[in-house]
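Accompanying notes for the structure given below.
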There are 2 protein chains.
Amino acid sequence: MPRRPRTPLGSRRALLDAAAAEFAARGYAAANVDRIARVARLNKAMIYYHFRSKAALYREILRDMFDAVGSRVRAIAASDASPEDKIRSFIDVIAIEGEARPHFPPMWLREIAEGGGRVDTQTLRYAMDVLGSLGAIIDEGCRAGRFRPVNPMLIQGGIVAPLMFFLATAGVRRRLDRAGAHGASKFSREDLVTHIQHVTLAVLEGRIA
Amino acid sequence: MPRRPRTPLGSRRALLDAAAAEFAARGYAAANVDRIARVARLNKAMIYYHFRSKAALYREILRDMFDAVGSRVRAIAASDASPEDKIRSFIDVIAIEGEARPHFPPMWLREIAEGGGRVDTQTLRYAMDVLGSLGAIIDEGCRAGRFRPVNPMLIQGGIVAPLMFFLATAGVRRRLDRAGAHGASKFSREDLVTHIQHVTLAVLEGRIA
DNA sequence: GTCTATAAATAGATAGAC
DNA sequence: GTCTATCTATTTATAGAC
């Protein structure tokens with residue numbers, strides 16, 4: 001007997017979720033549309049009904065993820081908090097959004113490795129928003145005499161790279177732990193965020209170099 | 001007329017080089033053995049003559065890279081330099097080896113995203129060596145009363161993740177630069193290494209948190 | 001050691017029924 | 001909206017000549 005259709009666009013949502021998991025775990029090329037459909041408890045043809053192609057499906061997922069992070073970061077930069085608090089929030093948001101979307105960190109890592117060759121203009125804009133917002137926060141702190149001018153790319157790298165690394169390696173770290181490495185997974189996202197906040201502010205306030 | 005064979009194992013070297021470039025740029029699944037052979041100015045069948053399979057070729061490249069970094073790091077940990085200098089050298093070596101092997105950073109990023117599912121036991125051992133050596137250096141510094149006990153994984157993440165990120169994004173950063181982001185690529189590997197050295201030592205010596 | 005030719009499997013995409 | 005069946009292209013891998 002045929003299953004009854006789910007709520008309108010429910011199948012679309014199911015496909016997006018299954019696809020995000022597949023793309024994150026295997027990467028674009030190794031991802032398999034049949035498997036995506038099966039996980040979503042649907043047929044492969046539904047992917048081509050809701051999306052144009054495997055590539056379009058991928059781009060939509062990536063765009064949504066960058067959009068979510070980008071808009072939250074923009075809001076922080078535009079708020080009237082102090083530069084220090086903005087930096088803390090910036091770090092918090094990257095970590096929270098990254099943890100709330102477990103498929104984002106691996107996909108981000110893969111795109112970096114890819115050299116960004118697969119990101120569309122829209123997605124690139126979101127990514128640049130993040131860097132631009134961080135730059136604006138730093139500028140503001142400099143004008144207020146509280147930050148030293150530091151290359152935003154350097155600051156962003158010190159924040160985002162470790163965060164994505166740690167979020168993407170939750171699984172491996174547990175394996176390393178069991179294999180004998182000491183305490184590889186013995187700290188939480190909050191510990192890491194606090195650490196990065198302290199380091200980043202120390203750098204920006206010139207308490208280090 | 002048939003080209004004459006190159007020096008013994010010259011074809012093997014050519015295939016390894018071409019394959020590293022292909023795997024780094026496209027990832028394992030999207031890499032194409034035909035293209036690897038063409039770039040090496042050889043025939044696809046030569047890949048199966050020198051290596052068992054595409055997968056074996058991939059693992060050999062990955063293992064060589066981790067081996068090179070692992071053994072240099074082990075040597076640093078075993079030297080009689082001060083803990084501070086060992087930390088500096090550790091960071092230097094990761095950066096230098098990563099820059100000397102431009103295909104390593106992207107492959108590293110992809111493996112992290114993959115959750116390490118493709119690394120063989122040998123390669124995993126090399127990777128654990130790096131973390132183990134860093135842990136030993138930190139322990140030594142602690143016993144000498146110069147470092148605070150900090151989770152090695154936290155320190156390693158703060159060093160390796162930004163380095164791999166920056167080395168892997170040389171190309172994208174130039175594109176972002178032209179697209180309007182300010183000064184994205186306006187610093188060198190030395191600048192970055194110096195920065196990471198300062199930050200890492202500040203953390204280990206308890207001058208931050 | 002190196003090549004040609006080909007086998008065999010996989011996987012993206014579409015047509016058309018229900 | 002959902003599924004079955006199928007077309008087509010790509011691609012790993014091998015057999016065998018030179």
Side-chain angles (χ1 to χ4, degrees), chain A residues 1-63 107 110 114 117-120, chain B residues 1-63 107 110 114 117-120:
Chain A
M1 64 179 182
R3 276 177 303 98
R4 69 165 173 288
R6 22 195 129 181
T7 97
L9 293 185
S11 61
R12 190 186 156 87
R13 202 32 305 136
L15 286 172
L16 283 170
D17 290 344
E22 174 82 357
F23 286 134
R26 303 180 188 253
Y28 176 77
N32 181 296
V33 292
D34 265 312
R35 194 162 32 220
I36 291 172
R38 210 174 56 240
V39 170
R41 309 177 72 94
L42 283 165
N43 186 278
K44 170 167 65 165
M46 288 302 289
I47 288 178
Y48 298 91
Y49 171 76
H50 280 301
F51 314 92
R52 283 179 184 291
S53 64
K54 178 185 175 183
L57 170 59
Y58 181 84
R59 281 193 299 270
E60 174 150 346
I61 290 171
L62 203 65
R63 187 157 12 92
M107 290 181 74
R110 292 184 195 277
E114 200 84 21
R118 225 165 14 218
V119 304
D120 54 44
Chain B
M1 67 180 180
R3 275 177 302 98
R4 69 166 173 287
R6 19 194 133 181
T7 98
L9 294 186
S11 61
R12 189 186 157 86
R13 207 23 312 134
L15 286 171
L16 284 169
D17 290 344
E22 175 82 358
F23 286 134
R26 304 180 188 254
Y28 175 78
N32 181 297
V33 291
D34 264 314
R35 194 163 31 221
I36 291 173
R38 211 172 56 238
V39 169
R41 308 177 73 95
L42 282 166
N43 187 277
K44 170 168 63 169
M46 288 302 289
I47 289 178
Y48 298 91
Y49 171 75
H50 280 300
F51 313 92
R52 283 177 184 289
S53 63
K54 176 185 174 183
L57 170 59
Y58 180 84
R59 281 193 299 268
E60 173 150 348
I61 291 171
L62 204 63
R63 187 157 14 89
M107 290 181 74
R110 292 184 196 277
E114 199 84 20
R118 225 164 15 218
V119 304
D120 53 44

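Numbers restart at 1 for each chain; the letters A, B, ... are given by sequence-line order, proteins then strands. Heavy-atom basis, side chains included; hydrogens, waters and symmetry copies ignored. Because the structure is a prediction, the values reported are computed rather than measured.
- Taking a cutoff of 4.0 Å between a charged side-chain nitrogen and a carboxylate oxygen, A:Arg38 and A:Asp34 do not qualify as a salt bridge.
- Across D:dA15, D:dT4, C:dT2, the shortest atom-to-atom separation from the side chain of A:Asn43 is found for D:dT4.
- Sequence order on DNA chain C of the closest nucleotides to A:Arg52 and A:Ala30 puts A:Ala30 first from the 5' end.
- Atom P of nucleotide C:dT4 and atom CG of B:Leu42 are separated by 11 Å, given to the nearest angstrom.
- If you check every strand for non-hydrogen atoms under 4.0 Å, A:Ala31 touches sugar and phosphate atoms only.
- A straight line from CD1 of B:Ile36 to P of D:dT11 spans 12 Å, rounded to a whole angstrom.
- Nearest nucleotide to the B:Tyr49 side chain, out of D:dA13, C:dT2, D:dT2: C:dT2.
- A:Tyr58 has its OH atom 17 Å from the C1' atom of C:dG12, to the nearest Å.
- Between B:Tyr48 and D:dT14 there is no side-chain polar atom (N or O) within less than 4.0 angstrom of OP1 or OP2.
- The side chain of A:Ala45 has C:dA15 as its nearest neighbour among D:dA13, C:dC3, C:dA15.
- Not one side-chain nitrogen or oxygen of A:Ser53 sits closer than 4.0 Å to the OP1 or OP2 atom of C:dG12.
- The existence of a salt bridge linking A:Arg12 and A:Glu60 is confirmed by a sub-4.0 Å separation between a basic side-chain nitrogen and an acidic carboxylate oxygen.
- Rounding to whole angstrom units, CG of residue B:Asp34 and C1' of C:dT6 are separated by 13 Å.
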Point to revise | side-chain contact (heavy atoms from CB on, under 4.5 Å) between B:Ile47 and B:Lys54, worked out | key: CA-CA 8 Å; B:Ile47 289 178; B:Lys54 176 185 174 183; 5.9 Å; no
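- For the pair B:Arg110 and B:Tyr28, the cation-pi criterion (under 6.0 Å, within 45° of the ring axis) is not fulfilled.
- Annotation: side chain of A:Phe23 is not in contact with side chain of A:Leu62 (no heavy-atom distance under 4.5 Å).
- The distance from atom CE of A:Met46 to atom P of C:dA13 is 16 Å, rounded to the nearest whole Å.
- Among D:dC3, D:dA13, C:dC3, the nucleotide with an atom closest to any side-chain atom of B:Lys44 is D:dA13.
- The interatomic distance linking B:Lys54 (NZ) with D:dT10 (P) rounds to 15 Å, in whole Å.
- Separating the CZ atom of A:Arg41 from the C1' atom of D:dC3 is a distance of 15 Å, rounded to the nearest angstrom.
- What separates CZ of B:Phe23 from P of D:dT12 is a distance of 9 Å, to the nearest Å.
- Contact between the side-chain N/O atoms of A:Asn32 and the OP1/OP2 oxygens of C:dT10 is not found at any separation under 4.0 Å.
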